[in-house]
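One structure below.
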Amino acid sequence: MPRRVHTDGAFNQPPPYIDVDLFTSDRVLQDAVAANGGGGEAEELSAFGRRWGTAEMFDLGWQANEHPPVLDGAVVRFDPAYHRLLTESIAAGLHVSNWQADAKVAARPAQVSRAARFFMAAQIETGHLCPVTMTRAAIAALALEPALVEWIMPKVWSRDYDPSFRPLREKAGVTLGMGMTEKQGGTDVRANTTTALPIGDGYTITGHKWFMSAPMCDAFLILAQAPGGLTCFLMPRFRPDGAVNGLHFQRLKDKLGNRSNASSEVEFHDAFGWRVGEEAKGVSTILQMVQLTRLDCAVASAGLMRMALAQAIHHVGHRKVFQKRLVEQSMMRSVLAEMALNVEAATALVMRLCRSFDLAGTDPREAARARLLTPAVKYWVCKTAPALVYEAMECLGGNGYVEDSLMPRLYREAPVNAIWEGAGNVMCLDVLRVFKREAPAARDALASLAHDAAGLPGVGEAVGFIEAVVSADVAESNARAAAERLAVLAAAAALQVGAPPMIAELFSQTRLAARHHAMFGTVVPAAKDTEAILQRALSV
Ligand SMILES: Cc1cc2nc3c(=O)[nH]c(=O)nc-3n(C[C@H](O)[C@H](O)[C@H](O)COP(=O)(O)OP(=O)(O)OC[C@H]3O[C@@H](n4cnc5c(N)ncnc54)[C@H](O)[C@@H]3O)c2cc1C
């Protein structure tokens, strides 16, 4: 249970927000899932939402973050709560379910239903989701190596979490991490200096990684300079002969948030690795993978925003100031309604993007939409989250600033999704790159967004603006404005399809047609609309 002060005898202190169904208490999520083909899974999603909303799961989140991992020689020791969270996530298939969906069932909403679960899990604890998301994304790259797939995939497929430190072949289930970032180059992976030389069935790898999270994963996708150029490898914790592989962890990072998750600095001393994809194709090999981790960053940030909003609405529904509950005070209602509008947009946006991933295999237009929108959505949702979490914290007054509430953890957690897997500017450059290299498909995707959002305020202007920026010689200096407009347009389109008309209209009017104020609470919907927005967010 949240580490709350004892309120026995005290009055006017809200009860803990626990034992909630994270699905059925969230009308916005239900609508977004249904609009994107996942309505048939409502019962299963509610069962997941009930389980993850229990006091026990909130408590595991607390414990895992209050007792961060420690480096102990070749291993990292985690709090048992971290392992229990992973046991639950992996049993629910968050690391594989989109790959296991029956391909014969046309357009099965596998990404959408997995994302709905990921969104709910992220509300409770995000650190443990790092190896979960990396495992599911790594599968996209591993697919290039059928020989590896044949014996490793059954282990990855497993829903049994096995934290033991043993060779891959001996384990019931495995998790996969990734190491791209070096001291001299994170964004610029071509600056990587780690080297790989062919030897026998694999390569021997020497160098370092400046960030390598979830170091107790069983194997890592690594970029290193092979004789032919930058190449992707799978580096196991144990060599094929059963000896411990040459990964030497230097230390764990002391991070702002994401504290349940370990992020290491590591050196490779003649470490063994299998090549994944062709030599010199390292960047293209990891591209599919990175698209998936970026998608999960956005889904998780939308989940953080949702939990922050729920905590705020819960609090103001109980707390009285000047003899009136805060939720009845009109300025507070404006603040909450505007925050809820952004959560509506983020939720609709990520679920619609997941639908594009679901359809991408059979529909090239959806594939193009997924390619163009993933960086824009990651950019907008992940960079929107910290400000929203901060405002939600303030709704709790002093309690929001104290570790007894969940707000400090949500606040510390919020920025990382914008930084890792490509920071904000890098996402905007990627949007420009798609418009440049895949121009017809990107313009087609833009036109389909305009079609879905037709009739909403500001759509024509947004399309014109994006087209002007991406065609200009100095596109880079305006890339943030273009990426933001693109994401907001896509959100308006998603809301138009899946949310009540009033929500889509209000969002477009205040986010697309006009430049909105920096603070929440400056958009004031009609009283009945405010009521409707708050009811959709959480009944109070
Ligand atoms: C908690 C945590 C865990 C991590 N775990 C992993 C992991 O497991 N594996 C892994 O490989 N990496 C990991 N990383 C690294 C992370 O992916 C990188 O830090 C991130 O991609 C940014 O790279 P960088 O740190 O080298 O920053 P830089 O590349 O130096 O970028 C610094 C800033 O410059 C901006 N910038 C870059 N290029 C341009 C440009 N051309 N124009 C304008 N602006 C630009 C960026 O947007 C950024 O804001 C982790 C990072 C964190 C914080």
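Just so you know, ligand 1 is whichever comes first in the structure, and atom 1 is the first atom listed for that ligand. Because only heavy atoms are used, hydrogens play no part in the values below, and waters and symmetry mates are left out as well, while side chains stay in.
Put simply, the side chain of W380 reaches to within 4.5 Å of the side chain of V488, judged on heavy atoms. You'll find the side chain of V470 reaches within 4.5 Å of the side chain of R443, heavy atoms only. Using a 4.5 Å heavy-atom threshold, the side chains of M351 and L29 count as touching. I90 is not listed as a side-chain neighbour of D160, based on a closest heavy-atom distance of 4.5 Å or more. Y390 places a side-chain heavy atom less than 4.5 Å from the side chain of Y411.
Taking any N or O of L429, backbone or side chain, none lies under 3.5 Å from an N or O belonging to ligand 1. No N or O atom of V416 sits closer than 3.5 Å to an N or O atom of ligand 1. Checked against a 3.5 angstrom limit, the closest N/O atoms of N425 and ligand 1 fall inside it. Among the atoms of W420, none of the N or O lies under 3.5 angstrom from an N or O of ligand 1. Residue contacts with ligand 1: S213 is placed with a nitrogen or oxygen under 3.5 Å of a nitrogen or oxygen of the ligand (distance criterion only).
Of all the heavy atoms of M212, the ones lying under 4.0 Å from any atom of ligand 1 belong exclusively to the backbone. In K253, neither the side chain nor the backbone holds a heavy atom less than 4.0 Å from any atom of ligand 1. Under 4.0 angstrom from ligand 1, the non-hydrogen atoms of S263 all belong to its side chain. Using a 4.0 Å cut-off between heavy atoms, K255 contacts ligand 1 through its side chain alone, with no backbone atom that close. If you look at N261 next to ligand 1, there are no close heavy atoms at all, none under 4.0 Å.
In this structure, atom 28 (P) of ligand 1 is in close contact with the protein, since a protein heavy atom lies within 4.0 Å of it. Using a 4.0 Å threshold on non-hydrogen atoms, atom 33 (C) of ligand 1 does not count as touching the protein. Distance screen at 4.0 Å: atom 25 (O) of ligand 1 has no protein heavy-atom neighbour inside the cut-off.
No side-chain donor-acceptor contact under 3.5 Å links E279 and T231. There is a side-chain donor-acceptor pair under 3.5 Å between N342 and R511. In this structure, a donor-acceptor pair under 3.5 Å is absent between the side chains of N258 and K253. Between the side chains of S405 and Q311, no donor N or O sits under 3.5 Å from an acceptor N or O.
With Y161 as reference, H83 is the one residue of H95, H83, R84, E88 to meet the side-chain hydrogen bond (donor to acceptor under 3.5 Å, both in side chains) rule.
E421 N, 3.5 Å is the protein heavy atom nearest to atom 17 (O) of ligand 1. Looking from atom 37 (C) of ligand 1 to the surrounding protein, the closest heavy atom is V426 CG2, 3.8 Å. Among all protein heavy atoms, the one lying closest to atom 31 (O) of ligand 1 is T187 OG1, 3.8 Å. Given atom 15 (C) of ligand 1, the protein heavy atom at minimum distance is T181 OG1, 3.2 Å. The single protein non-hydrogen atom nearest to atom 53 (C) of ligand 1 is F211 CE2, 3.8 Å, given as residue, atom name and distance. Closest to atom 46 (C) of ligand 1, if we only count protein heavy atoms, is A423 CB, 3.8 Å. The nearest protein atom to atom 21 (O) of ligand 1, hydrogens excluded, is given as G422 N, 3.7 Å; this is a heavy-atom distance. In this structure, atom 11 (O) of ligand 1 lies nearest to the protein heavy atom M180 N, 2.6 Å.
Taking the six-membered ring for Trp and the full ring otherwise, W157 and W151 have centroids separated by 6.0 Å or more. In this structure, F58 has its ring center at least 6.0 angstrom away from the ring center of W62.
Shown in contact with G179 at under 4.0 Å from a heavy atom are these atoms of ligand 1, numbered in order with element: 11 (O).
Here the CE-CG distance, from M289 to L144, works out to 11.0 Å after rounding to the nearest 0.5 Å.
Contact analysis leaves G177 out of contact with ligand 1, as no non-hydrogen atom separation drops below 4.0 angstrom. In this structure, I419 has a heavy atom closer than 4.0 Å to ligand 1.
Counting heavy atoms of neighbouring residues, nucleotides and ligands inside a 6.0 Å radius, atom CZ of F465 exceeds 12 of them. Counting non-hydrogen atoms of other residues, nucleotides and ligands closer than 6.0 Å to NZ of K281 gives a total of 12 or fewer.
Of the candidates R480, M134, M178, the one placing a heavy atom closest to atom 7 (C) of ligand 1 is M178.
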